[in-house]
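Letters go in sequence order (proteins before strands), and every chain restarts at 1. Remember, it's a predicted structure, so these values are computed and weren't measured experimentally.
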Protein chains: 2
Amino acid sequence: MSEQDLTTLVQFFKALANESRLKLVGALAQQERSVEELASILELKEPTVSHHLSKLKKLQLVHMRVEGNTHYYYLDLDALQAMQKATLTATQVAQPVSEDIWETKVLNSFVENDVIKEIPASRKKRRIILKWLAQKFELERLYPEQELNQIIKPIYPDTATLRRELVGYNMMQREDSIYQRVLETNWRMDSNY
Amino acid sequence: MSEQDLTTLVQFFKALANESRLKLVGALAQQERSVEELASILELKEPTVSHHLSKLKKLQLVHMRVEGNTHYYYLDLDALQAMQKATLTATQVAQPVSEDIWETKVLNSFVENDVIKEIPASRKKRRIILKWLAQKFELERLYPEQELNQIIKPIYPDTATLRRELVGYNMMQREDSIYQRVLETNWRMDSNY
DNA sequence: GATCTAATTAGATACTTATCTAATTAGAAG
DNA sequence: CTTCTAATTAGATAAGTATCTAATTAGATC
């Protein structure tokens, strides 16, 4: 969802997020009407109605036709329906950047120059750090424990803890002191990890 | 559209008529997220996010799941879509009372005790008075001019004007000084009447 | 049990806006 | 050309609300 679409959508919702304007739309759904007429139907003063109509007009949800002194307003049903359809899709559309924003922020605060400053206490954040660490290992390759340690040590001295965590999240598998990276789809997602 | 539906609809639009909340919905469309995470994605403080989430929660557009200290919020896609569908129909639904409100008001101000106090200057209002007057005549019946006058006179002394107006709007037809009421569907609707 | 973490609640501020009355504009009618 | 009518614009007020910081709660960790 682009920035432009977002503001347009907000404007649209704002336009209808008001009892008087919603009633106006309802009254105009039947037929065109003058300002005076609308004021009497809604039991509001004419300037107030004029104010609301100008907002709807700015969004092209209504249009106006002049006849003598009378201004007849009518609904743009197409515009209205187009907007409503747009909301159906827009609110469901993924914005794939969201996740990265969060992960980047967590990484920035716990990693500096490829060195882990501190291991986050919360599982949520720890998982992000470990994910970052796991990606340093190739998928096909087998890593003896000693080699694993050599890679991890400059990143974080307590290699034992990280080894244990990596296996715990099932980001790496261990067999006879030989480690191998696991496909991301198989990583543990339980609430305990 | 009932009063209840109207307020519900206004509440719904209000909930989405805000950039932050719309972004929240977008972020939650992908997956559930913690308050902290959402705050970092939207670049807002946590209390602010909490405030917005509580509004969405009150309308049941999102729900929450607790896990330790973390509160995970997730979208109620069904509720969202149901609401959106409701708007599609609601804004188009006629509220058949609107017209009567206006007509009644005009009648009240120009007619009293079945007597026309004054003939409105504006065509719009004049038409309403004449419509009321025309309904005093039966459809099938033929009215000689003299009988017509007898009926109109107690309502408004200047019978000539009213006769002319009724014919002008094509609410009544005249042939050899005999008048007959015209079916409403054939009344003149031009901008000059 | 003391400390830490994530979230909520309370309170304050600044911005928006719905509504009214009064003033102004523009067209119609006498 | 003066008067009347419908609508808009201007200006004022009051209500609502998005956001922040500070304080509080509740759960987890050491």
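Phosphate contact (OP1/OP2 of C:dT19, side-chain N/O of A:Ser20, threshold under 4.0 Å): present. Residue A:Lys45 places none of its side-chain N or O atoms closer than 4.0 Å to OP1 or OP2 of C:dA22. Put simply, B:Tyr73 has a side-chain N or O that comes within less than 4.0 Å of OP1 or OP2 on C:dT8. A close approach under 4.0 Å does not occur between any side-chain nitrogen or oxygen of B:His52 and OP1 or OP2 of D:dT17. When the side-chain nitrogen and oxygen atoms of B:Lys125 are compared with OP1 and OP2 of D:dA6, one or more of them lie within a distance under 4.0 Å. Taking only side-chain nitrogens and oxygens, B:Lys55 comes nearer than 4.0 Å to OP1 or OP2 of D:dA18. Contact check, B:His51 against D:dA18: a side-chain N or O comes under 4.0 Å of OP1 or OP2. For B:Ser50 and C:dT8, the shortest distance from a side-chain N or O to OP1 or OP2 is below 4.0 Å.
Put simply, CD on A:Glu32 is 12 Å from P on D:dA7, counting in whole angstrom units. Put simply, CG on B:Leu44 is 11 Å from P on D:dT21, counting in whole angstrom units. Here the C1' atom of nucleotide C:dT16 and the CD atom of B:Glu19 are 15 Å apart, to the nearest Å. For the pair A:Lys14 NZ and C:dC15 C1', the computed distance is 10 Å after rounding to whole Å. Atom pair B:Arg65:CZ and C:dA6:P shows a separation of 16 Å (rounding to whole Å applied). For the pair B:Glu36 CD and C:dT5 P, the interatomic distance rounds to 10 Å; values are reported in whole Å. Residue A:Phe13 contributes atom CZ, which lies 21 Å from atom P of C:dT16 at whole-angstrom precision. In this structure, the CG atom of B:Leu38 is 14 Å from the P atom of C:dA6, given to the nearest Å.
No side-chain heavy atom of A:Gln180 sits under 4.5 Å from any side-chain heavy atom of A:Met172. Taking 4.5 Å as the limit, every side-chain heavy atom of B:Ile128 sits out of range of all side-chain heavy atoms of B:Phe110.
Between A:Phe13 and B:Phe13, the ring-plane angle classifies as tilted under the 30° and 60° cut-offs. Ring geometry for B:Tyr143 versus B:Phe137: interplanar angle over 60°, hence perpendicular rather than tilted (30 to 60°).
Side-chain atoms of B:Pro47 lie closest to C:dT9 of the nucleotides D:dA7, C:dT9, C:dT19. Side-chain proximity of A:Glu46 to C:dA18, D:dA7, C:dA7: nearest is D:dA7.
Ion pairing between A:Arg181 and A:Glu140 fails under the 4.0 Å rule for side-chain N and carboxylate O. Ion pair A:Glu19/A:Arg21 not flagged as a salt bridge, since none of the NZ, NE, NH1 or NH2 atoms sits closer than 4.0 Å to an Asp/Glu carboxylate oxygen.
More than 12 heavy atoms of other shown residues, nucleotides or ligands fall within 6.0 angstrom of atom NZ in B:Lys136.
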Distances under 3.5 Å between nitrogen or oxygen atoms of protein and nucleotides 26-30 of chain C:
from   : atom 1 : to      : atom 2 : distance (Å)
C:dG27 : O4'    : A:Asn69 : OD1    : 3.3
C:dG27 : N3     : A:Asn69 : ND2    : 3.4

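At a cut-off of 3.5 Å, with distance as the only test, a side-chain donor of A:Glu145 or A:Tyr179 sits close to an acceptor on the other residue.
Residue A:Ser34 is in sugar-phosphate contact alone, with no base atom involved, counting any heavy-atom pair closer than 4.0 Å across all strands shown. Heavy atoms of B:Thr70 sit under 4.0 angstrom from primed sugar atoms or phosphate atoms, though from no base atom.
In this structure, A:Met64 and B:Glu118 both approach DNA chain D, and ranking their closest nucleotides by distance from the 5' end singles out B:Glu118.
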